[in-house]
Structure formats: structure tokens, C-alpha cells
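Labels below follow one simple rule: chain letters A, B, ... track the order of the sequence lines, proteins then strands, and each chain is numbered from 1. All of these numbers come straight from a predicted model, not from anything done at the bench.
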Amino acid sequence: MSALTLTLRAAPQGRVDMSGVLPAALAGLSVAAIAALPLIMNGRPVALGELFDVAPGEANRLVICTATNCLDYLGKGMTAGTITVEGPAGHYTGQNLCGGKLVVRGHAGQFAASGMKGGLLHIVGNAGDWLGAALIGDRAGMAGGVVAVEGDVGDRAGDRMRRGLILVRGRAGDACATRLLAGTLVVAGGCGDQPGFGLRRGSLILGHAPATLPTTFNHAGVVDLPYLDLLRRHAAGILPGVVPALSRVRRYVGDLTCGGKGEILVAT
Amino acid sequence: MIHNGVLIDDTYAEAFGMKATRIIITADNLTWAKNAANAAFGFATSVIACGCEAGIERELAPDETPDGRPGVAGLLFAMSTKELAKQLERRIGQGVLTCPSTAVFAGCDSEEKLPLGKNLRYFGDGWQISKVIAGRRYWRIPVMDGEFLAEESTGLLRSVGGGNFLVLARSRCQALSACEAAVLAIAKVPGVITPFPGGVVRSGSKIGSKYKALPASTNDAFCPTLRGVTESELSPEVEAVLEIVIDGLSDADMHAAMKAGLEAICEIGAAGGIVRLSAGNYGGKLGQFHYRLREILA
């Protein structure tokens, strides 16, 4: 059986909140019932059928086809199943994701994976600023699961991240892993300025040495860390080649103003 | 029943339920993984005084271990969950944590867990780091050669301990040689260990003693030097008796191990000086698992 497919007809006249469009919510509904589901566009309700063509199929493998990045909150709170976004995603993609797999075959906007607790968010393109970061007013960002980004990510990736794993094949912007509480952020392509500022615990793993480091990090030398072997094996099934090939890495400890229990590891 | 000239007693090995776990020890090379395992599983021959029975189940190739390094799988057996947890923590703490380049992982899974690195992490004095990878928690404990990596917990398994058979031979060297062959055969069976030195025990015991403080004492019925003063089980041509004790993760594992060991002995047969095969049978008072020698060899 083919996948249930929602195809955006034309670029909407505003941003569309896709909350609630989830495999579990659509399972067992007729095409008419799905088309009648209310969405929010520019703060006003609009029927899903006014924006999308609905092709019936297996709801557990939902496909959303879009040519614009106006669809926000894709996969918000999903617990099971698969959503594949054929095209760019808007902001807050995978917010509060708890399980299942969300694939974006395009770029994603800001605050992707905020509040994520489980499952897998796979972004084939780039991700915007604040990937896996805490929302304004939240105490912590991403709290579990895995995010894999094949392209680059913007600034402040992993800000106040609490738990989980972010893998980035490309480059991160400035201030990645700032105020990181715990968890692991791997950036294979290097990063911008001041990574790890305010990092409390957790690991930032870089494929290339950063141009600058906060002065509140100390060099701990080159060390062999067996746990990287485990991480590499795990990551190889999601985004191979992202974790440094050798477990012998250069270690920086910090942020010393926050206890010094965090680390930045740079491939040797 | 006679197999290749060896008399098979109409008796059974009496085994009993135990709690067990499997752990995986890895290191930079197999030598150091075995050094750690030998330290951790040393002095773990009998629950009578060691707290647990333990041994190396098998060597593991790099592609069989969680971190891609050479390693060994080891099994530990104890009479209670509490004692198993205590022995596991002590032995990993003193034998593996201390050994250069090693890491330790769970080798089995179950709903009920035993702490592995969960308490050992405090050796890190606050510098220990937790990592959750693929849903499993590991502890990175800073040590002088880098980090000791330990999985937080391992599984708890219900198992069978105390499977055994006795090899009665015309001389000690013939008994030992036959037992060596049996231990090699048993080592090929997954899920079992032979916890005594080299897999063989010479001090088979009976329950109780004339001394009140001792729970077990020498099995005088099978001691050749006591023929004539005790009710001996030995015929005149038997000069030595050796025992092989087996612990297994399941009844089926134990059965397979008993069969492998007994067949190896029978293959040597009377031509190799083997006179008889028997087993430690306590009249059904010790355990609920009975392995009848004749049925196994039928």
C-alpha cells in the first residue's frame, strides 16, 4: 500500500501551523475527514483540504509534499510512524518529537527539534538557527532522540540542549553548544566562533579545530576515548562518517565558569 | 551401560537454580582483556566460599564487541541476586577497572538489572560522565590511562549451577588427561563455564562435616586413600577421581555441556585408562535439575 500523501497545491498566503498532522491522528480517517481537519494559517483556521491534495494511503508512512518553507511545526509531538517531507520545512520542525522518524528532504527553518524527547529527525538539507535549542522561556532544549543534518546548521545549535544526540555533517554557525546542559553535538565540518560558551556538561565533538574558543576552556591534551568507538558505531547507522574516525582526540575542558565538566573534542 | 569400555553409572548429576549474568570485557588487545577477566573471575570456583562462580565463556572477535575491540564474554553465577550484585561490583571494581585499557559492557539483557558501572562511577570523584548511546547508559570514569568505560547495568538471568560428573580412572594422569579433553569440548558449548581451575576439581565434596562449622567436606566415598576405612564407591583398579563442575545459563545449555563432556571422556574410553563415569547425586535434596548420565549418552 502506498503512503498517505498530502501535496501542497500552491504557496499559502502565510505560515501554516501543521500541528496535529501526524500518522496516528490520520490513521483510519477517510480522505474527506482528513481534508476537513482544521489547520491554523496566520492565526485563523483553515481546512486542510483547502491547501492540500490528499491521496489516500498508509497513514503510518505519511508523505507531505511542499515547494515552500511555509509549513511550521511539522511532526510536532509525533510518537510513532514516519513522516517524509518532500521539500523544505518551516520553523519548529520536529518540536516535542517523542518517537518515530521525521525526514525532511530539503532545508529546515529555525528551532528544529526544540523540545524533542525521542525518535529521529533527519534533515537532508541545512537547518536554521537554534537547532535543538531551548525555546525562549524554556529552561532546556532537546531532551532526547537523534537529529541528523546532512548539510550545515545555523547559529546557536544545541543551545541549552539537555540530552540526546545531534549529528551535523556540514558546518555549524557561531556559538554552537552554548549553555549545553548535557548530551552530544557532533559537527563534522567545523564551526563558527565561540563554541561551547557556558557549556555545563555534555560533549561538543568537532571534525575541525574551531577558529576561536572561549577563554574559559582549558586544553587537556590528546586522549584516547573508547566511548567514541561506541558513538561512531551508533552514528554509522544514521549518518556515517560524521564522528571522528579515530578515538584519539584533542580534549578541551570547560566551561570553567560552569564547573568544567563539559568537553570539546577535536579530531586529530 | 558401557560406552567404549567405560561403565556409566545409573545416576544423575544434581544441579540447582542460580542467578547469573554475562558481561563483556574489552581491551586494546586480547591479552589485556584476558588479564582483566582472569583477575575478576579468579577465586570464583565455588559459591561455598567465593561468593560466586565465574569464568570466561569465550573469546570475542572485535566485530562481536560493542566497541569494536577484542574481548571476552564472562559468566558469573551466585545463589542470590544480592550476592551476585555484590560480587559483580567488587570483581569489576578490583579486576577490570584496575586493568589498563579495558572497558566493560552488559552481555545480556533482562527486565531486572544488576548494577555494572552504576556504582563504580563514583570512583570518578565527581568527574565521571554519563553518556546515553542508542538507549543504553554508559559511564566514563577518568583513570590514569584515559577513561574506563562501563555500561551502567547488565541483565539478570535465572540459570542452573552445579552440573557435574565424576571421572574414575586407573591413574591420576589418565583422569586428568581425559578431563582436559572434556573441558575443551565443553568450552565449545555457549552459555556455560567450568569454574574450577582449568575446569577440573579434585576436591569433590559431600554435604556436611563432622566439624559443625563446615557446610561441606571431602567426598570420602570417592577418595582412593580412604578405601578400607569408609564406605567406598571405588573399585580396586581406580586410582584417581576427578570431577568437572558446570554452570549454565539454561537447562538446555547444561544438558548440551554435560553431553559434550561425557562424550569426550567416552571417546578416550577404557584404552585411555577410564574405568567409570559417575555424578554427584545428593538424593534429590540439593537441586531440582537432574541430568541422568545414561539418558544423556543414550
Side-chain angles (χ1 to χ4, degrees), chain A residues 99 117-120 142-146 148 161-167 180-186 199-205 218 220-238 243 245-251 253-254 256 259-265, chain B residues 23-29 32-33 36 60-71 92 96-97 99-107 116-117 120-122 124-154:
Chain A
K117 296 177 182 66
L120 171 66
M142 178 176 165
V146 179
M161 177 180 171
R162 176 71 184 84
R163 202 178 290 121
L165 173 64
I166 298 178
L167 303 167
L180 191 88
L181 299 170
T184 303
L185 171 57
V186 184
L199 191 153
R200 300 179 76 84
R201 287 178 283 123
S203 309
L204 170 61
I205 302 172
N218 276 352
V222 175
V223 290
D224 194 325
L225 301 177
Y227 101 93
L228 289 176
D229 296 324
L230 293 185
L231 186 64
R232 188 182 310 109
R233 284 189 156 203
H234 174 52
I238 304 164
V243 175
L246 295 177
S247 298
R248 204 163 168 272
V249 291
R250 193 169 293 281
R251 186 171 194 255
V253 291
L256 298 176
K261 292 185 179 179
E263 63 183 359
I264 296 177
L265 307 177
Chain B
I23 59 167
I24 292 171
I25 299 169
T26 65
D28 282 351
N29 57 51
W32 283 103
L60 300 171
D63 61 356
E64 295 178 287
T65 63
D67 61 359
R69 301 191 299 167
I92 301 305
V96 186
L97 165 66
C99 183
S101 83
T102 58
V104 65
F105 305 98
L116 192 58
L120 294 176
R121 75 179 196 256
Y122 295 113
D125 200 24
W127 299 105
Q128 65 273 20
I129 297 171
S130 158
K131 282 289 166 197
V132 177
I133 299 172
R136 304 171 83 103
R137 186 177 296 280
Y138 301 88
W139 286 99
R140 297 167 51 194
I141 302 166
V143 285
M144 295 195 301
D145 74 345
E147 282 184 344
F148 173 57
L149 184 65
E151 190 163 350
E152 171 154 281
S153 58
T154 183

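- For the pair B:L149/A:L230, a side-chain contact is recorded, criterion being any heavy-atom separation below 4.5 Å from C-beta on.
- Residue B:F105 touches chain A through its side chain alone, counting heavy-atom pairs closer than 4.5 Å.
- Here CG of A:L165 is found 8.0 Å from CD1 of B:I133. Values are rounded to the nearest 0.5 Å.
- At least one side-chain heavy atom of B:R140 sits under 4.5 Å from a side-chain heavy atom of A:S203.
- A:G183 and B:K131 get closest at one heavy-atom pair: O-NZ, 3.3 Å.
- Using a 4.5 Å heavy-atom cutoff, the side chains of A:K261 and B:I129 are not in contact.
- Proximity to chain B (any heavy atom under 4.5 Å) is restricted, for A:R233, to the side chain, taken from C-beta onward.
- What you find for B:D67 and A:D229 is that their closest heavy atoms are O-CB, 3.4 Å.
- Using a 4.5 Å cut-off between heavy atoms, A:L231 contacts chain B through both its backbone and its side chain.
- Contact of B:A103 with chain A is not made at all, since no heavy-atom distance falls under 4.5 Å.
- If you measure heavy-atom distances from A:R232 to chain B, you find no contacts under 4.5 Å at all.
- Across A:E263, A:R251, A:H234, the residue that shares the most heavy-atom pairs under 4.5 angstrom with chain B is A:H234.
- Residue contact with chain A, scored on non-hydrogen atoms closer than 4.5 Å, involves the backbone of B:T65 exclusively.
- Under a cut-off of 6.0 angstrom, the local environment of CZ in B:R137 is crowded, with over 12 non-hydrogen atoms contributed by other residues, nucleotides or ligands.
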